[in-house]
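To start, the structure itself, in structure tokens.
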Amino acid sequence: MKLVSFIHAGRAGYGITDGTIVRPASDGFCETYPDLRAVLAADALDALDSAVGPPIALGQVEFLPPVLNPAKIVCVGLNYRKPYPVDGVAPPDPENIVLFGKERQAIVGHGAALEIPPEGPDQSFDYEAEIAIVIGRQGRCIPLGQAMDHVAGFTAFNDGSVRDWQKHSIHAGKNFEKSGSCGPWMVTADEIAEPDELTLTARLNGAVVQSASASEMIYSMAEQISYISQVTTLLPGDIIATGSPDGTGGSRSPKRYLREGDLLEISVSGVGTLANPVGR
């Protein structure tokens, strides 16, 4: 099942899509469950399938991030083998999973413009393609063997980064408004037979710049979920961005940061393609 959040005729809504149309949740269903986070929290996906209204052409909606209001967005750093910092010699694998947080204001939906930062920070505005996990079941101190049972689905994610400001702090460099994106929808876990075999591809203006398999992650999705749940209770709708492989603009020689007029496309096998133009 593909679950999408959107704006249509000036109203925010959500529903089920096949990639060409969206079947929006009925008004009555939305009164009980105002957004997808509420649906996930109530374990009401099966009920949603039979509580939809007339179809809307997908071209008539404005995409929003699939989960509009996650309680938290947790990002995993250094989870693929690559030079880091973006200049220099590749270090050994991190001894522990590296975490940082992302604010909701930093994320836009499919089709929306990534906002070039103000003058100065705009000179190191970078992309990071990632596979994102959407949590479906609450959990704390989740055993490794049960971690994937807490997954509602998967989506594509761009962890937009301002490299020069990462030197100020990770939080600053990772949280410029509208610098990242998520979508175009989330695909429920029952449709992804082998999550660790998902493939990730990023294209910049049509040229492949990042390509990897989830099997190349240093720490698996299950390990990430279990580890994060030691720190905090994972809630339905929470997003875990699982790390980005080599090929970002800052890792290239010469560096290739995002510029006005660029088009960034991030594809996750079995999920779909998140596309965002870059503008001011």
- Message: When you measure from the side chain of Arg37 to the backbone of Gly237, do you find a donor-acceptor pair of N or O atoms at a distance under 3.5 Å?
- Response: no
- Query: Does a sphere of radius 6.0 Å around CG in Asp190 hold more than 12 heavy atoms from other residues, nucleotides or ligands, not counting ones at 6.0 Å or beyond?
  - Reply: yes
- Query: Hey, are the side chains of Ile16 and Leu3 touching, using non-hydrogen atoms and a 4.5 Å cut-off?
  - Reply: yes
- Query: Any side-chain heavy-atom pair from Asn175 and Lys102 closer than 4.5 angstrom?
  - Reply: yes
- Message: If hydrophobic clusters are built by linking Ile, Leu, Val, Met, Phe, Trp and Tyr wherever their side-chain heavy atoms come under 4.5 Å apart, do Val134 and Ile192 end up in the same one?
- Response: no
- Query: Between Tyr127 (side chain) and Gly249 (backbone), is there a donor-acceptor pair under 3.5 Å?
  - Reply: yes
- Item | Which atom of Ala152 lies closest to which atom of Leu40, heavy atoms considered | CB-CD2, 3.8 Å
- Query: With His168, which residues qualify under ring-ring contact (aromatic ring centres under 6.0 Å, His included), at least two apart?
  - Reply: Trp165
- Message: Let me confirm one number: the SG-CD distance from Cys182 to Glu130, rounded to the nearest 0.5 Å.
- Response: 10.5 Å
- Task: List for me each residue that meets side-chain hydrogen bond (donor to acceptor under 3.5 Å, both in side chains) alongside Lys178, sequence neighbours excluded, and say none if there are none.
- Result: none
- Message: Can you give me the closest heavy-atom contact between Ile218 and Pro94, atom names plus distance?
- Response: CD1-CD, 3.9 Å
- One should read off an interatomic distance between Ile107 CD1 and Gln105 CD, to the nearest 0.5 angstrom, of 10.0 Å
- In short, Pro24 meets Pro54 closest at the heavy-atom pair CD-O, 3.1 Å
- Message: Rounded at 0.5 Å granularity, tell me how far OG in Ser211 sits from CG in Asp246.
- Response: 11.5 Å
- Message: Has Arg252 got a side-chain atom pairing as donor or acceptor with Gly247's backbone, closer than 3.5 angstrom?
- Response: yes
- Backbone N/O of Glu197 and side chain of Ser215: donor-acceptor pair under 3.5 Å: no
- Message: Given 3.5 Å as the limit, does a donor-acceptor pair link the side chain of Gln230 with the main chain of Tyr227, or not?
- Response: no
- Taking all non-hydrogen atoms of both residues, which atom of Met221 and which atom of Met148 are closest, and how far apart? CB-SD, 4.0 Å
- Ignoring hydrogens and angles, tell me if any N or O in the side chain of Gln146 forms a donor-acceptor pair with the backbone of Pro143 under 3.5 Å. no
- Note on the structure: Between Ala214 and Tyr80, the two heavy atoms sitting closest are CA-OH, 4.2 Å
- Under 4.5 Å between any side-chain heavy atoms of Phe63 and Thr17, yes or no? no
- Just wondering, do Asp159 and Phe100 contact through their side chains at under 4.5 Å, heavy atoms? yes
- Message: Assess whether a salt bridge exists between Arg23 and Asp18, defined as any Lys/Arg side-chain N lying under 4.0 Å from an Asp/Glu carboxylate O.
- Response: no
- Query: Any chain of hydrophobic side-chain contacts (each under 4.5 Å) joining Val39 to Met186?
  - Reply: yes
- Query: Under 4.5 Å between side-chain heavy atoms, hopping through other hydrophobics if needed: is there a path connecting Phe29 to Leu45?
  - Reply: yes
- Stepwise side-chain contact (heavy atoms from CB on, under 4.5 Å) check, Glu103 with His171: CA-CA 9 Å; Glu103 304 290 345; His171 188 88; 3.2 Å; yes
- Taking Arg140 for the side chain and Ser229 for the main chain, is one N or O donor matched with an acceptor at less than 3.5 Å? yes
- Task: Could you tell me whether a side-chain N or O of Asp126 sits under 3.5 Å from a main-chain N or O of Val162, the two making a donor and an acceptor?
- Result: no
- Task: For Asn158 and Asn276, test the side chains for any donor-to-acceptor distance below 3.5 angstrom and give the result as yes or no.
- Result: no
- Query: With side chains defined as the heavy atoms from C-beta onward, is the minimum distance between Phe6 and Glu62 less than 4.5 Å?
  - Reply: no
- Side-chain heavy atoms of Leu235 within contact of Lys72, under 4.5 Å: yes
- Message: Does atom CG (Asn69) have a neighbourhood of more than 12 heavy atoms from anything else shown, all under 6.0 Å?
- Response: yes
- Query: CG of Asp196 to OG of Ser220: how many Å apart, nearest 0.5 Å?
  - Reply: 6.0 Å
- Message: Does Phe125 form a side-chain contact (heavy atoms from CB on, under 4.5 Å) with Leu114? I'd like the steps, not just the answer.
- Response: CA-CA 10 Å; Phe125 183 30; Leu114 300 173; 4.2 Å; yes
- Query: Under the 4.5 Å side-chain heavy-atom rule for ILVMFWY, direct or indirect, which residues accompany Ile7?
  - Reply: Leu64, Leu68
- Item | Distance, nearest 0.5 Å, that separates OG of Ser5 from NE2 of His110 | 13.5 Å
- Task: Report yes if some heavy atom in the side chain of Glu216 is under 4.5 Å from a heavy atom in the side chain of Ser213; otherwise report no.
- Result: yes
- Thinking salt bridges, do Glu128 and Lys174 make one under a 4.0 Å N-O criterion? yes
- Task: Could you go through the side-chain contact (heavy atoms from CB on, under 4.5 Å) check for Leu200 and Val268 one step at a time?
- Result: CA-CA 5 Å; Leu200 173 68; Val268 177; 3.9 Å; yes
- Task: Give the cluster check for Ile228 versus Ile133: same hydrophobic cluster or not, with ILVMFWY residues linked at side-chain heavy-atom distances below 4.5 Å.
- Result: yes
- Message: Are Leu274 and Ile73 linked, directly or through intermediate hydrophobic residues, by side-chain heavy-atom contacts shorter than 4.5 Å (ILVMFWY only)?
- Response: no
- Are any side-chain N or O atoms of Gln210 and backbone N or O atoms of Pro245, one a donor and one an acceptor, separated by less than 3.5 Å? yes
- Message: Between Asp238 and Val74, does the side-chain contact (heavy atoms from CB on, under 4.5 Å) criterion hold? Intermediate values first, please.
- Response: CA-CA 8 Å; Asp238 284 353; Val74 183; over 6 Å; no
- Please confirm whether the backbone N or O of Thr199 pairs with a side-chain atom of Ser269, one donor and one acceptor, at under 3.5 Å? yes
- Which atom of Ala113 lies closest to which atom of Gly279, heavy atoms considered: CB-N, 4.4 Å
- Query: Does the side chain of Gln224 come within less than 4.5 Å of Met217's, by heavy atoms?
  - Reply: yes
- How long is the span from the OG1 atom in Thr248 to the NZ atom in Lys255, to the nearest 0.5 Å? 8.5 Å
